[in-house]
Amino acid sequence: MNNLPEFLALGVAEELIPALIAKNFQTPSAIQSLAIPLLLSGEKDLIGQALTGTGKTAAFGLPVIQTLVPGKTPQALILAPTRELSIQIADELRSLSVNKPLRIVPFFGGQLITFQMDELKKGVDIAVGTPGRIMDLYRRGKLRLDQLKFAILDEADEMLDMGFIDDIREILSLTNPDKRMLMFSATMPPEIMDIAAEFMRPEYEIAKTSGGSATNTTLTEQYFHEVKREHKLDALSRLIDANSELYAMVFCRTRADVDEVTEKLHSRGYRVEALHGEISQAQRLRVINAFKKHKFPLLIATDVAARGIDVNDLTHVINYSLPQNSDIYIHRIGRTGRAGRHGVAVSFVTPGERRKLKLIEKDIGNEIPLKKLPEIADIIEAKKQLFAENIALLLENGDAAPYINFAEELCTLGSHPAEALAAMLKLYFKDELLPESYRDFSGGKQKSATDPNMKKLLLFSGRTDGLTVPELIREICERTGIKGSQLGKIILRADKTFINASPADAEKILAAFKNDKKWHFKYDSPKEEHRKKAYSPEKEKKKKIKTHKPLREEFFKWIAESE
């Protein structure tokens with residue numbers, strides 16, 4: 001039996017090896033090889049430049065678990081930028097410590113603080129949390145920080161970007177000076193070095209585990225498409241259509257961009273979800289968990305909202321908006337090409353952004369080549385090939401056998417069996433396999449969301465009720481058979497939602513939801529708009545002039561005749 005001799009050579013205790021075997025560890029990663037001996041020896045503190053997905057949690061978790069003895073007061077503090085990452089770290093440490101009864105608890109905003117105070121009363125060995133909540137618990141006198149053996153900052157640069165610098169400094173100033181300290185950061189801004197100089201022991205070590213650049217160039221293929229701003233959505237649609245196994249994060253610069261891209265992809269029939277700062281914590285957690293379970297293939301997000309999300313099997317990272325600098329670019333594309341898997345990082349670059357791209361290339365030390373977007377013919381061929389492979393698999397497994405008799409009946413409907421099969425393909429694919437059905441980059445095939453013939457419906461439910469566009473489209477489709485691609489623009493607001501639909505589809509929706517108290521639709525009345533028009537001072541003025549003009553003419557004519 002393989003007892004992981006390379007981990008034993010680093011000083012990892014034998015009692016921890018079964019947990020590593022259960023988690024399919026084989027050999028130590030670069031950051032594990034550097035961090036584990038240093039933390040176990042206690043000789044030096046460490047700054048590790050390493051991305052999420054490189055085994056960082058085990059790098060600090062194994063020494064922490066091995067060193068600590070169960071007690072009541074926190075002996076290790078791990079700071080993380082987000083709720084999700086805090087929960088993830090705590091879960092990972094629990095799985096590594098199955099043979100040691102340590103209490104490991106995450107602390108974060110959005111959960112009742114009284115519940116967390118109760119956890120501290122029971123005793124906590126390892127506290128994992130966001131800086132804001134850790135500071136809050138300390139100020140309430142519920143969390144002690146003076147008996148730590150370890151203080152660890154994970155995703156340190158992200159915590160700085162999120163404005164936690166003051167909390168981090170205050171928290172570290174409250175800890176005992178003889179602790180061992182470790183910081184992980186994908187980039188090395190000056191603030192990181194300032195914190196190291198202030199709080200780490202002299203002669204701390206800096207370990208860059210990715211060889212000069214924080215990008216994993218051996219596993220991540222990088223390229224860009226030059227696309228005009230107004231054609232980006234069509235370009236993204238082509239990428240999705242050309243990659244049947246796509247599982248990706250799509251990065252936009254702003255919340256408004258995220259909402260717009262998500263809404264338009266929904267209208268084209270794609271399964272996507274949005275993630276940005278204005279989404280509630282409960283909704284955010286639901287979206288992230290569903291994405292990790294592959295319930296939908298594309299997550300459209302801003303950089304801030306995506307922080308702390310750890311997904312190891314992304315096939316693509318797509319920069320819908322080119323990031324402002326190389327640090328953000330590195331953060332984004334580091335989310336693919338993990339755990340030995342090949343990944344792809346695609347950037348959409350407008351003609352005016354070529355200079356910005358050159359600066360990113362210079363910073364990361366890699367050339368990012370230009371590629372052509374998939375041709376329509378290639379997309380159609382890929383769809384045909386996938387369909388044929390699925391048919392072959394059904395035949396191989398014998399799963400189609402129950403339908404043989406029905407198939408024979410259908411084959412008699414045309415003059416040749418191929419005609420019946422062609423009709424079935426038409427029913428299944430509609431126009432997907434016809435080149436003329438694809439949008440060119442003028443967007444000509446996309447029905448305008450402001451089509452004057454469309455009717456606007458109002459739903460008295462919105463974002464604060466936990467409603468999402470995908471959920472709404474699914475509900476409408478299930479009750480009426482109307483697909484997202486048949487609807488016009490959908491505007492999701494805090495307390496209400498507007499839906500554009502054809503007159504016939506609008507009537508179907510109203511009828512399907514007529515007696516439903518939760519989903520209460522009605523036509524959006526334009527009365528207010530009409531009222532404003534009726535009382536427009538400018539229009540009233542013109543109206544008066546127009547009304548009295550004939551009278552004036554009659555008056556002057558009468559004067560002239562009198563003279």
Side-chain angles (χ1 to χ4, degrees), residues 57 60-61 64-65 68-98 100-155 158-159 162-164 166-168 170-176 179 275-293 304-310 463-468:
T57 306
F60 63 74
V64 168
I65 292 164
L68 300 188
V69 175
K72 292 286 286 184
T73 303
Q75 302 166 67
L77 173 67
I78 302 163
L79 296 178
T82 65
R83 162 195 180 127
E84 291 77 27
L85 188 56
S86 300
I87 295 170
Q88 183 181 301
I89 291 169
D91 288 343
E92 178 76 2
L93 294 182
R94 289 190 195 108
S95 69
L96 293 171
S97 62
V98 289
K100 201 164 185 180
L102 296 172
R103 291 204 77 237
I104 303 165
V105 182
F107 299 95
F108 46 81
Q111 186 182 64
L112 287 174
I113 198 165
T114 51
F115 171 80
Q116 295 175 354
M117 290 190 290
D118 288 341
E119 290 292 300
L120 287 167
K121 284 180 184 177
K122 296 174 188 174
V124 172
D125 299 301
I126 302 174
V128 187
T130 54
R133 181 50 60 97
I134 293 294
M135 202 62 244
D136 192 359
L137 289 166
Y138 174 82
R139 287 172 180 154
R140 291 169 183 256
K142 305 299 181 182
L143 175 65
R144 292 185 59 180
L145 300 171
D146 59 346
Q147 295 185 27
L148 298 180
K149 291 184 170 65
F150 297 94
I152 297 161
L153 276 59
D154 198 8
E155 306 286 2
E158 290 193 12
M159 286 194 283
M162 293 171 75
F164 287 133
D166 292 335
D167 280 344
I168 289 170
E170 187 171 357
I171 289 167
L172 292 176
S173 69
L174 298 168
T175 60
N176 43 301
K179 66 188 177 300
L275 200 66
H276 55 65
E278 290 195 12
I279 289 175
S280 69
Q281 190 64 45
Q283 177 69 4
R284 172 183 167 85
L285 200 58
R286 187 195 68 76
V287 168
I288 292 170
N289 289 337
F291 184 58
K292 286 183 175 182
K293 293 175 182 176
V304 172
R307 285 170 176 161
I309 301 174
D310 186 20
R463 192 179 291 115
T464 54
D465 303 303
L467 182 67
T468 65

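Atom set for the values below is all heavy atoms of this structure, side chains included, hydrogens, waters and symmetry mates excluded.
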Side chain to side chain, [X] and [Y], heavy atoms closer than 4.5 Å:
| X | Y | answer |
| --- | --- | --- |
| Phe108 | Ile87 | yes |
| Leu85 | Glu158 | no |
| Glu84 | Arg284 | yes |
| Leu172 | Leu153 | yes |

Under the side chain to side chain contact (heavy atoms under 4.5 Å, CB included) rule, what do Ile171 and Leu79 come out as? Steps first, then yes or no, please.
-> CA-CA 10 Å; Ile171 289 167; Leu79 296 178; 4.2 Å; yes
In plain terms, say whether Arg139 and Glu170 are close enough for a salt bridge, that is, a side-chain N and a carboxylate O under 4.0 Å apart.
-> yes
Electrostatic pair Asp118:Lys122 at N-O distance under 4.0 angstrom |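 The answer is no: the pair does not qualify as a salt bridge.
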Take Phe150 and Leu68 through the side chain to side chain contact (heavy atoms under 4.5 Å, CB included) test and state the conclusion after the steps.
-> CA-CA 10 Å; Phe150 297 94; Leu68 300 188; 4.2 Å; yes
Nearest 0.5 Å, please: how far is [atom2] in [Y] from [atom1] in [X]?
| X | Y | atom1 | atom2 | answer |
| --- | --- | --- | --- | --- |
| Phe115 | Leu120 | CZ | CG | 10.5 Å |
| Leu137 | Phe107 | CG | CZ | 6.5 Å |
| Met135 | Ile168 | CE | CD1 | 12.0 Å |
| Thr175 | Leu148 | OG1 | CG | 6.0 Å |
| Ile152 | Lys179 | CD1 | NZ | 11.5 Å |
| Ile104 | Ile89 | CD1 | CD1 | 11.5 Å |

Do Lys293 side-chain atoms and Ile288 backbone N/O form a donor-acceptor pair below 3.5 Å?
->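 No, Lys293 side chain to Ile288 backbone: no donor-acceptor pair under 3.5 Å.
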Give a yes or no on whether the backbone of Gln116 and the side-chain of Lys142 come within a donor-acceptor separation of less than 3.5 Å.
-> no
How close do [X] and [Y] get, heavy atom to heavy atom, and via which atoms?
| X | Y | answer |
| --- | --- | --- |
| Pro131 | Asp167 | CB-CB, 3.9 Å |
| Ile65 | Leu93 | CD1-O, 3.6 Å |
| Val64 | Ala76 | CG1-CB, 3.8 Å |
| Leu143 | Pro74 | CD1-CG, 3.6 Å |
| Ser95 | Glu92 | OG-O, 2.6 Å |

With sequence neighbours excluded, what pairs up with Asp91 under the salt bridge (charged side-chain N to carboxylate O under 4.0 Å, His left out) test?
-> Arg94
Applying salt bridge (charged side-chain N to carboxylate O under 4.0 Å, His left out) to Asp146 and not counting sequence neighbours gives Arg144
Between Arg133 and Arg83, does a side chain to side chain contact (heavy atoms under 4.5 Å, CB included) hold up when you go through it step by step?
-> CA-CA 10 Å; Arg133 181 50 60 97; Arg83 162 195 180 127; over 6 Å; no
Evaluate the side chain to side chain contact (heavy atoms under 4.5 Å, CB included) criterion for residues Phe291 and Leu275: first the C-alpha distance (whole Å), next the side-chain angles of each, then the deciding distance (0.1 Å), finally the verdict.
-> CA-CA 11 Å; Phe291 184 58; Leu275 200 66; over 6 Å; no
Taking only residues at least two apart or on different chains, which pairs with a member in residues 103-114 satisfy salt bridge (charged side-chain N to carboxylate O under 4.0 Å, His left out)?
-> Arg103-Glu119
